[in-house]
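Note sheet for the following structure.
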Amino acid sequence: EAGVTQSPTHLIKTRGQQVTLRCSPISGHTSVYWYQQALGLGLQFLLWYDEGEERNRGNFPPRFSGRQFPNYSSELNVNALELEDSALYLCASSLKGAGANVLTFGAGSRLTVL
Amino acid sequence: AQKVTQAQTEISVVEKEDVTLDCVYETRDTTYYLFWYKQPPSGELVFLIRRNSFDEQNEISGRYSWNFQKSTSSFNFTITASQVVDSAVYFCALSEVGAAGNKLTFGGGTRVLVKP
């Protein structure tokens, strides 16, 4: 069974540009979660999508947005990139549920903003 | 709001030593789940264990064991007879039952370095 796949694995952008990161969940998982792991800041929750809808959002500005497609894959978009957006962006998927289900993570997309 | 604290930022041991990672959590919920994840240098978070708030039985699984004490809000994790392959960052996480689905709140992580 394929795990959670993310693309691209690495990318370099300059300040002010826009970036789109992609995530394919495990087959059968309807929930997708996005986390940001910046150096020294730990894992910060960004967004949760379930069945095509945004269900919950972390404490991030509106230039962080995303969507979930009918096949449950997801995109994370970041507009007007800033230097501090440099981070590893991790996507995770899970079965629908409330608290008990294990999140399975992808290998992440490492974004560098120059 | 929920919070997870891992006071140890880095632990260095020699192979075959035991390593215990501390985790303290805060939550107002009576029903919640606690997790440990491992992040090797490749970056992918790997699920290790899950415990619900009603199950305080401590278990051993291979070289891993955990000690859940609700009275002190702690969920400590031990690696017995550590190996070089155990070198990674370990995260403790909390999931509450409610409107946030399976959203995890993570601690800051503990970097474990096992030297040969």
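These numbers come from a predicted model, not from an experiment. Naming convention: chains lettered A, B, ... in sequence-line order (proteins, then strands); numbering from 1 in each chain.
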Trace of the side-chain contact (heavy atoms from CB on, under 4.5 Å) decision for B/Tyr37 with A/Phe105:
CA-CA 10 Å; B/Tyr37 279 84; A/Phe105 284 83; 3.8 Å; yes

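- With a 4.5 angstrom heavy-atom cutoff, A/Leu103 touches chain B via backbone and side-chain atoms both.
- Annotation for B/Lys16: atom NZ does not count as buried by contact number, only 12 or fewer foreign heavy atoms lying within 6.0 Å.
- More than 12 heavy atoms of other residues, nucleotides or ligands sit less than 6.0 Å from atom CG of A/Asn71.
- Using a 4.5 Å cut-off between heavy atoms, A/Gln44 makes no contact with chain B at all.
- At least one donor-acceptor pair closer than 3.5 Å links the side chain of A/Tyr33 to the backbone N or O of B/Asn102.
- A 6.0 Å sphere centred on NZ of B/Lys115 holds no more than 12 heavy atoms belonging to other residues, nucleotides or ligands.
- Heavy atoms closer than 4.5 Å to chain B are found nowhere in A/Ser31, neither backbone nor side chain.
- The neighbour count for A/Leu114 CG, taken as heavy atoms of other residues, nucleotides or ligands under 6.0 Å away, is above 12.
- Residues A/Arg55 and B/Lys103 are not in side-chain contact: their nearest non-hydrogen atoms beyond the backbone lie 4.5 Å or more apart.
- In this structure, B/Glu44 CD and A/Leu88 CG are separated by 10.5 Å, a value rounded to the nearest 0.5 Å.
- With a 6.0 Å radius and a threshold of 12 heavy atoms from other residues, nucleotides or ligands, A/Arg15 has its CZ atom at or below the threshold.
- Other residues, nucleotides and ligands contribute more than 12 heavy atoms inside 6.0 Å of the CZ atom of A/Arg57.
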Assess whether side-chain contact (heavy atoms from CB on, under 4.5 Å) is satisfied between A/Phe45 and B/Phe106, documenting all intermediate values.
CA-CA 9 Å; A/Phe45 169 71; B/Phe106 286 91; over 6 Å; no

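- Summarising the local packing, CZ of B/Arg63 is surrounded by more than 12 heavy atoms from other residues, nucleotides or ligands at distances under 6.0 Å.
- Side-chain contact between B/Leu45 and A/Leu43: present, with at least one pair of heavy atoms (C-beta onward) separated by less than 4.5 Å.
- Annotation for A/Asn101 and B/Phe35: closest pair O-CZ, 4.1 Å, computed over non-hydrogen atoms.
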